[in-house]
Enquirer: 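Okay, handing you the structure first.
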Amino acid sequence: QVQLVESGGGSVQAGGSLRLSCAASGYTYPYYCMGWFRQAPGKEREGVASIYNGDGRIKYADSVKGRFTISQDNAKKTVYLQMDSLKLEDTGMYSCAAAPMPGFNCQALNANLFNFWGQGTQVTVSS
């Protein structure tokens with residue numbers, strides 16, 4: 001059974017940093033995409049970043065480019081999201097997701113393509 005467990009959320013002032021982690025267990029697919037999504041109250045879920053384990057291809061949402069960095073440790077089946085220069089609008093529930101898919105689909109940051117999800121971790125940015 002595949003499980004994704006996020007950690008690292010919390011409260012931070014605007015301009016600060018947080019690092020999220022997502023550890024996958026029970027995952028046996030050789031090639032897969034892992035992504036981070038977020039949802040703020042009253043808003044639709046938004047794709048934040050994705051990374052493909054096959055070749056390390058990365059995709060960022062325009063809203064986080066230059067501020068967030070996604071990385072992975074394939075041996076640990078863990079993906080990280082380093083979030084710097086956090087803004088008030090980055091507040092939300094952050095969830096990691098995984099699915100076996102071709103690399104070009106991983107670039108789409110489409111939540112509908114992911115079939116495994118973590119419980120989520122709250123990120124709150126205050127002024």
Enquirer: If you compare all heavy atoms of N115 against all heavy atoms of P100, which two are closest, and at what distance to 0.1 Å?
Expert: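 Looks like OD1-CD, 4.0 Å.
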
Enquirer: So, the side chain of Q119 versus the backbone of E6: is there a donor-acceptor pair under 3.5 Å, distance only?
Expert: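 Here the side-chain-to-backbone pair does not exist.
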
Enquirer: Return the minimal non-hydrogen interatomic distance between V123 and L18, and the atom names on each side.
Expert: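 Nearest heavy atoms, V123 then L18: CG1-CD1, 3.9 Å.
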
Enquirer: For residues L4 and F116, report the shortest heavy-atom separation together with the two atoms involved.
Expert: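 Minimum heavy-atom separation between L4 and F116: CD1-O, 3.4 Å.
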
Enquirer: Do V79 and W36 pass the side-chain contact (heavy atoms from CB on, under 4.5 Å) test, and can you show the C-alpha distance, the side-chain angles, and the key distance before you say yes or no?
Expert: CA-CA 9 Å; V79 65; W36 286 98; 3.8 Å; yes

Enquirer: With a 4.0 Å cut-off, would you call D62 and K65 a salt bridge?
Expert: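 Here D62 pairs with K65 in a salt bridge, since their nearest N and O are under 4.0 Å apart.
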
Enquirer: Can you get from L20 to V5 by hopping between Ile, Leu, Val, Met, Phe, Trp and Tyr side chains that sit under 4.5 Å apart?
Expert: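 No, L20 and V5 fall in different hydrophobic clusters.
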
Enquirer: Would you confirm whether R67, through its side chain, and S85, through its main-chain N or O, come within 3.5 Å as a donor-acceptor pair?
Expert: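 Confirmed, R67 side chain pairs with S85 backbone.
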
Enquirer: Say whether L81 and Y32 are linked into one hydrophobic cluster, either directly or through other cluster members, by side-chain heavy-atom distances under 4.5 angstrom.
Expert: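 Same cluster: L81 reaches Y32 through Ile, Leu, Val, Met, Phe, Trp or Tyr contacts under 4.5 Å.
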
Enquirer: What's the spacing between L88 CG and T124 OG1 if we round to 0.5 Å?
Expert: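 The OG1 atom of T124 is 11.0 Å from CG of L88, to the nearest 0.5 Å.
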
Enquirer: Would you check if the side chain of T121 reaches a backbone N or O of Y94 as a donor-acceptor pair within less than 3.5 Å?
Expert: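 Answer holds: no.
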
Enquirer: Look at the side chain of Y60 and the backbone N and O of I70, then say whether any donor-acceptor pair between them is shorter than 3.5 Å.
Expert: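 Checking the backbone N and O of I70 against the side chain of Y60, a donor-acceptor pair under 3.5 Å is found.
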
Enquirer: Minimum heavy-atom separation for S63 and E46, please, with both atom names.
Expert: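 Closest pair (atom of S63, atom of E46, distance): OG-OE2, 3.0 Å.
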
Enquirer: Name the one of Q72, K59, R57 that satisfies side-chain contact (heavy atoms from CB on, under 4.5 Å) with I51?
Expert: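 So the option named by the test is Q72.
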
Enquirer: Taking the side chain from D73 and the backbone from T78, do they hold a donor-acceptor pair closer than 3.5 Å?
Expert: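 Not a single qualifying donor-acceptor pair exists.
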
